[in-house]
J.: 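Here it is: the structure, laid out below.
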2 protein chains.
Amino acid sequence: MNQGRPLEFDPNLALQRAMEVFWCRGYEAASLQNLLTAMAISKSSFYQTFGSKHELFQRCLQLFRERQVRLMMAALEQAPSGREFLRRMLRSAASEVVADEPPKGCLIMNTATEFSGRDAIVADLVGKGASQFTEVFRCAIERAQSAGEIDAGKDAEVLARYVVTTMSGLKTMAKAGMQTTAIEDVAELALTALG
Amino acid sequence: MNQGRPLEFDPNLALQRAMEVFWCRGYEAASLQNLLTAMAISKSSFYQTFGSKHELFQRCLQLFRERQVRLMMAALEQAPSGREFLRRMLRSAASEVVADEPPKGCLIMNTATEFSGRDAIVADLVGKGASQFTEVFRCAIERAQSAGEIDAGKDAEVLARYVVTTMSGLKTMAKAGMQTTAIEDVAELALTALG
DNA sequence: ATGAATATGTACCGATCGGTACAGAAATGG
DNA sequence: CCATTTCTGTACCGATCGGTACATATTCAT
């Protein structure tokens with residue numbers, strides 16, 4: 001078997017750069033030029049390695065989901081309690097306003113908004129992302145329920161969906177221009193629904 | 001003074017059609033062809049009457065906001081109580097999944113997501129929309145507080161922002177594929193935070 | 001050295017993008 | 001009837017869209 005000429009770039013790094021572009025601009029507004037520039041590769045390499053804009057986008061959605069789930073699970077393990085983890089997550093929407101200018105939100109939810117079900121493949125990846133986020137939150141809630149921080153009588157799955165919903169809402173409000181203090185207030189209030 | 005040749009179409013109706021297109025597809029994905037077809041006018045008439053795609057979009061955002069605020073205020077007046085109005089609003093995200101296929105969400109919040117602060121004019125219109133929605137909810141909350149349905153000790157402004165946030169989150173989750181029953185469960189749970 | 005395999009650079013593709021120029025059509029006032 | 005004003009149809013604009021063809025460059029196995 002022959003090896004052929006080696007790649008002159010790191011595909012994982014290029015993928016990461018592409019993800020950033022989609023994250024900032026969305027799918028439609030991210031032109032091939034934007035992507036090529038950010039990925040620092042030529043058009044030939046792009047199509048050779050990633051097939052098409054749409055295929056690249058799918059890989060970016062998966063990368064984002066894996067990365068996000070990994071970060072969330074790490075944060076959950078390090079958190080002093082399940083409830084404190086949830087508080088930190090919800091409040092993070094506020095700090096995002098300061099860190100990113102403008103705030104980027106969540107790539108999965110941004111995509112859910114942009115493709116409102118018009119693309120079956122994308123819809124599937126979005127659904128997968130949403131359910132995995134819910135899963136992590138459910139773990140945190142069950143841990144909090146065991147510790148007596150959250151009413152154990154409530155359905156953890158419903159609570160988890162509520163947290164995902166609120167996260168999504170807060171990130172959207174950040175994009176809509178809500179002040180960081182207001183976001184924090186809403187995040188704290190949202191926590192009270194967990195009982 | 002001379003009147004000249006009269007318009008062969010209803011500008012308000014055309015604007016409404018355009019709004020539908022932006023609502024379904026977003027700004028970038030709504031091509032001029034999409035718009036012209038939906039508005040049933042020619043390119044000449046389009047530029048003569050609406051100036052450009054971007055100007056048209058601004059007018060659509062305003063139309064949507066006015067329409068939405070009007071509908072919400074009417075619903076509030078008809079509702080048996082402030083709290084029941086809030087319940088109906090939050091639950092409406094679920095019925096939207098059934099009615100529209102796929103769900104369209106809220107044009108203002110969709111726009112906040114699509115243009116993450118990259119367009120100052122649009123950002124301003126989005127902010128105006130968000131604050132007017134908040135205003136209506138604040139009216140409902142104050143009414144509910146007067147009636148003793150909601151803890152009068154809580155800040156109505158914060159509660160109102162919380163409701164807008166939750167509405168936005170629910171509509172996004174609907175787009176992300178959440179089932180109608182799950183949406184209703186989350187909506188009910190969200191209401192408990194109002195105290 | 002040669003050939004197979006893989007990667008890149010360059011040039012190009014048709015389609016579509018948003019937008020404009022301008023001639024002709026339809027109304028009014030004189 | 002004519003001039004003026006306003007609207008519409010047609011043709012066109014340069015730019016960009018995502019994507020492809022193909023020659024050239026670089027590697028490894030023989």
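Numbered from 1 within each chain, the chains take letters A, B, ... in sequence-line order.
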J.: For residues A:Lys53 and A:Tyr27, determine if any side-chain heavy atom of one lies less than 4.5 Å from a side-chain heavy atom of the other.
T.: yes
J.: Mind running a 4.0 Å heavy-atom check of residues 38-56 of chain A against DNA chain C and sending the residues that fall below it, in number order?
T.: A:Ser42, A:Ser44, A:Ser45, A:Gln48
J.: Please verify the inter-ring angle class for B:Trp23 with B:Phe64; under 30° counts as parallel, over 60° as perpendicular, anything in between as tilted.
T.: perpendicular
J.: Looking at DNA chain C, which of residues 7-18 of chain A put a heavy atom within less than 4.0 Å of it?
T.: A:Leu7, A:Glu8, A:Phe9
J.: Go through C:dA7, C:dG19, D:dT8 for me and flag the one nearest to the A:Arg5 side chain.
T.: C:dA7
J.: Mind checking whether A:Met19 and A:Arg59 have side chains closer than 4.5 Å, heavy atoms only?
T.: no
J.: Rounded to the Å, how far apart are A:Leu32 CG and C:dC17 P?
T.: 17 Å
J.: Can you confirm whether B:Glu84 is buried at CD, in the sense that more than 12 heavy atoms of other residues, nucleotides or ligands lie under 6.0 Å from that atom?
T.: yes
J.: Name all pairs fulfilling the side-chain hydrogen bond (donor to acceptor under 3.5 Å, both in side chains) condition that reach into residues 162-177 of chain B, sequence neighbours left out, sorted by first residue then second.
T.: A:Tyr162-B:Tyr162, B:Glu96-B:Lys171, B:Asn110-B:Lys175
J.: Using whole Å, what does the distance between atom P of nucleotide D:dT30 and atom CD of A:Gln3 come to?
T.: 12 Å
J.: Can you say whether the rings of B:Phe85 and B:Phe137 are parallel (under 30°), tilted (30 to 60°) or perpendicular (over 60°)?
T.: tilted
J.: Relative to the 5' end of DNA chain C, which residue comes earlier, B:Pro6 or B:Glu28, by the nucleotide with the nearest heavy atom?
T.: B:Glu28
J.: Report which part of the nucleic acid A:Ala29 touches: base, sugar-phosphate, or nothing (heavy-atom distance under 4.0 Å, all strands).
T.: nothing
J.: We want to know whether B:Glu149 and B:Ser81 form a side-chain donor-acceptor pair, criterion being a heavy-atom distance below 3.5 angstrom.
T.: yes
J.: Can you tell me the distance, in whole Å, between the CZ atom of A:Phe57 and the C1' atom of D:dC17?
T.: 17 Å
J.: Please report, rounded to the nearest Å, how far the C1' atom of C:dT16 is from the CG atom of B:Leu35.
T.: 14 Å
J.: Do A:Ser92 and A:Ser95 get their side chains close enough for a donor-acceptor pair, meaning under 3.5 Å?
T.: no
J.: Does A:Arg5 come within less than 4.0 Å of A:Glu8, counting only side-chain N to carboxylate O?
T.: yes
J.: Measure CD/B:Gln33 against C1'/D:dT16 and give the value in whole Å, please.
T.: 17 Å
